[in-house]
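The structure appears below as structure tokens.
If you read the sequence from its start, that first residue is 1, and numbering goes on from there.
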Amino acid sequence: YGFLDFETVLAAMNHHDFSTTVAFIPWNWWRTRRSTAALFRSHPRRYSLAIHGCDHTAREFGTRSVPALGRKIRLALERAERHRQRTGLAVSPIMVFPQGVFSADAALALQRSRFVAAVNTDVHPVGDDAPRTEVRELWQVAITKYGGFPIFTRRYLSHGIENVAFDTLLGKPCLLVGHHDVFSGGAQELLAFIGRLNALAQPLRWGSLEEVIHDSYLSHQTSPGVRHVRMFANEMVLHNTSPRPETVVVTRAPSSAAIGRVTCDGRDRPWEQDARQVRFQFEAPASSPVRVRVEHHEARHDDLPAESLRYRGRVLARRYLSEMRDDYVSRNRHVLHYADRLMRSMK
């Protein structure tokens, strides 16, 4: 896709030790080549997919209409499931907002779905009256201010190695973002940046975005056999490396959406919530991982009218024009300028 050649990037990932998650637009669920899906399936540590909006229209998740957001979210998940059935390649239930735009209502709507988390560069929701993210929230592993839904932050190469290094000191995952053109010219700048990352004193362990999100929690032992964990994503995988069982006490930010159940390896656990936090505990077997999940009651909006034929036609044109721009036009900056003007006129 554009400057991204999957075989070439795979060779670079194996040589320089990094992983790539492609932000996949669910509208394209029926278009993945089987050979590309096979490449992803055979290298799950290197390649993975996350959900990038639904139709990827302008400000798609910047609306304040919770019913409209709920329908977009549900459709995105349904398309991701169709993609899995067609190709055998799953799309992780992690949202990457189109154009980085989201409203506080979008975070709440995502909390009322099966999404695990979101990843974004912008940290403030849109809207003149929208609440603002405070610095203390940015120092946490993820932003949970908006309905308790976790939003993990990411960095561009232009943010510099010092900011990424500071993030890792805070316990935040190391997430870099780039468009397909980051692989142009042999991806020299990207590979040099990754080389500096891998040389940091704190060693990095690369994996799929879903695996990284699952491992993003804070943990400390308060007494022998008892561990306290601060959970951020709606799902985590806790690794008990001790040769003895542990009692694990988990806390997380309170949720504006009603919690349906809390499970540990699929088994229900009792939980409690007050104004400050959600709290529950379980026994972690010796030398074993435990998958912990907090599920919320899903909101359904089946009574909304279907999208108009005009809207669907504009989405179709936008998707194909975007690909034409990235696959062909992007190699000529003068033509790219006029193509971008055309795309903006379709918003």
Which of Ser48, Ser208, Ser92 passes side-chain hydrogen bond (donor to acceptor under 3.5 Å, both in side chains) with Thr21? It is Ser48
### Near-ring test Phe152/Phe232, centroid separation under 6.0 angstrom
no
Quick check: do Cys174 and Asp167 have side-chain heavy atoms less than 4.5 Å from each other? no
Looking only at heavy atoms, the pair that brings Gly53 and Ile51 closest together is O-CG2, 3.3 Å
Using only atom types and a distance under 3.5 Å, with no angle test, would you say the side chain of Arg41 pairs donor to acceptor with the backbone of Thr87? yes
Lys/Arg-Asp/Glu bridge criterion (N-O < 4.0 Å) met for Asp55, Lys72
yes
Do Gln99 and Asp122 have side-chain N/O donor and acceptor atoms under 3.5 Å apart? no
* For Leu197 and Ile161, run side chain to side chain contact (heavy atoms under 4.5 Å, CB included): C-alpha distance rounded to whole Å, both residues' side-chain angles, the deciding distance at 0.1 Å, then the answer. => CA-CA 7 Å; Leu197 274 179; Ile161 192 74; 3.5 Å; yes
In this structure, CG of Leu75 is separated from CD of Glu307 (nearest 0.5 Å) by 8.5 Å
Leu108-Phe115 co-clustered via ILVMFWY side chain contacts under 4.5 Å:
no
**Prompt:** Tell me, do Leu176 and Val164 make a side-chain contact under 4.5 Å, heavy atoms counted?
**Reply:** yes
| message | Between Phe282 and Trp271, is the ring centroid distance below 6.0 Å? | response | no
>> For the CD atom on Glu295, are there more than 12 heavy atoms of other groups (residues, nucleotides or ligands in this structure) within a distance under 6.0 Å?
In response: yes
Report yes or no: does His83 contribute a side-chain atom to a donor-acceptor pair with the main-chain N or O of Leu89 at less than 3.5 Å?
yes
Between Asp265 (side chain) and Val290 (backbone), is there a donor-acceptor pair under 3.5 Å? no
Distance col, row Phe18:CZ vs Trp206:CH2, nearest 0.5 angstrom, shows 7.5 Å
- Query: Taking atom types as modelled and ignoring hydrogens, do the side chains of Arg154 and Thr121 form a donor-acceptor contact shorter than 3.5 angstrom?
  - Reply: yes
No-hydrogen, no-angle side-chain donor-acceptor test under 3.5 Å, Ser103 and Tyr146: no
Does atom CZ of Arg82 have more than 12 heavy-atom neighbours from other groups under 6.0 Å away?
yes
Are the side chain of Ser288 and the backbone of Ala286 linked by a donor-acceptor contact shorter than 3.5 Å?
yes
| query | In this structure, are over 12 heavy atoms from other groups packed under 6.0 Å from Arg45 atom CZ? | reply | yes
* Transitively linked via ILVMFWY side-chain contacts under 4.5 Å: Met236 with Val116? -> no
Any side-chain heavy atom of His220 sitting closer than 4.5 Å to one from Leu218? no
Margin query: Counting only heavy atoms not in His179 (residues, nucleotides, ligands), do more than 12 fall under 6.0 Å from its NE2?
Written below: no
Is there side-chain contact between Leu175 and Leu209, with at least one heavy-atom pair below 4.5 Å? yes
Between Thr57 and Arg318, the two heavy atoms sitting closest are CA-NE, 4.1 Å
When Val182, Ile194, Val177 are each screened for side-chain contact (heavy atoms from CB on, under 4.5 Å) with Leu157, the one that passes is Val182
Notebook entry, point to check: Can Arg46 and Asn14 be counted as having a side-chain donor-acceptor contact under 3.5 angstrom?
Noted result: yes
* **Single-linkage hydrophobic cluster Val66~Val126, side-chain heavy atoms < 4.5 angstrom** => no
When rounded to the nearest 0.5 Å, the distance separating NE2 of His159 from CZ of Phe193 is 9.5 Å
Salt-bridge test for Glu137 and Lys145: reply yes if a basic N is under 4.0 Å from a carboxylate O, no otherwise. no
Discussion item. Would the distance check show the side chain of Asn120 and the main-chain N or O of Ile151 forming a donor-acceptor pair, the cut-off being under 3.5 Å?
Written reply: no
Go through Glu323 and Arg319 one step at a time and tell me if the salt bridge (charged side-chain N to carboxylate O under 4.0 Å, His left out) criterion holds.
CA-CA 6 Å; Glu323 290 177 22; Arg319 294 276 51 80; 5.4 Å; no
So CD of Gln140 and CZ of Arg230: to nearest 0.5 Å the spacing works out to 7.5 Å
**Message:** Check for me, please, whether Leu169 and Val141 land in the same ILVMFWY cluster - side-chain distances under 4.5 Å, paths through other members count.
**Reply:** no
Heavy atoms of Leu191 and Ala12 approach each other most closely as CD2-CB, 4.3 Å
>> Could you check whether Thr153 and Lys172, counting side-chain N and O atoms only, form a donor-acceptor pair closer than 3.5 Å?
In response: yes
Please examine the side chains of Arg79 and Val91, heavy atoms only from C-beta on, and report whether any two atoms are closer than 4.5 Å. no
When rounded to the nearest 0.5 Å, the distance separating NE2 of His228 from CD of Gln221 is 10.5 Å
### Task
Apply side chain to side chain contact (heavy atoms under 4.5 Å, CB included) to Ser219 and Arg227, showing your working.
CA-CA 7 Å; Ser219 172; Arg227 184 156 37 140; 2.7 Å; yes
Do Leu138 and Ile143 come within less than 4.5 Å of each other through their side chains, counting heavy atoms only?
yes
(Q) Once you measure the plane-to-plane angle for Trp27 and Tyr320, does it fall in the parallel (<30°), tilted (30-60°) or perpendicular (>60°) bin? (A) perpendicular
Item to check | Asp105 side chain near Thr63 side chain, heavy-atom distance below 4.5 Å | outcome: no
Whether the side chain of Asn198 engages the backbone of Asp17 through a donor-acceptor N/O pair (distance < 3.5 Å, no angle test) should be reported. yes
How about Phe40 and Tyr47: are their ring centroids closer than 6.0 Å? yes
> Is the closest side-chain donor-acceptor distance between Arg86 and Thr32 under 3.5 Å?
Replying inline: no
Practice problem: Taking the side chain as every heavy atom from C-beta outward, state whether Thr247 and Gln281 have any pair of such atoms under 4.5 Å apart. | Solution: yes
Same hydrophobic cluster for Ile213 and Val294, using side-chain heavy-atom links shorter than 4.5 Å among ILVMFWY?
-> no
| Considering residues, nucleotides and ligands other than His15, do more than 12 of their heavy atoms fall under 6.0 Å from its NE2? | no
Check: Within 45° of the ring axis of Tyr1 and under 6.0 Å from its six-membered ring centre, is that where the NZ or CZ of Arg31 lies?
Finding: no
Side chain of Gln111, backbone of Ser256: donor and acceptor closer than 3.5 Å?
no
Just by distance, do the side chain of His52 and the backbone of Val96 share a donor-acceptor pair under 3.5 Å?
yes
Closest non-hydrogen contact found for Phe97 with Val101 is CB-O, 3.6 Å
Exercise. Can a donor-acceptor pair be found between the side chains of Asn234 and Arg252 at a distance below 3.5 Å?
Worked result: yes
NE2 of His56 to CD1 of Ile25, rounded to nearest 0.5 Å, is 4.5 Å
message = Between Leu77 and Glu298, is the side chain to side chain contact (heavy atoms under 4.5 Å, CB included) condition met? List the steps.
response = CA-CA 12 Å; Leu77 290 169; Glu298 292 189 46; 5.6 Å; no
- How far apart are the C-alpha atoms of Arg112 and His297, what are their side-chain angles, what is the distance that settles it, and do they pass the side chain to side chain contact (heavy atoms under 4.5 Å, CB included) test? CA-CA 6 Å; Arg112 292 173 175 170; His297 288 296; over 6 Å; no
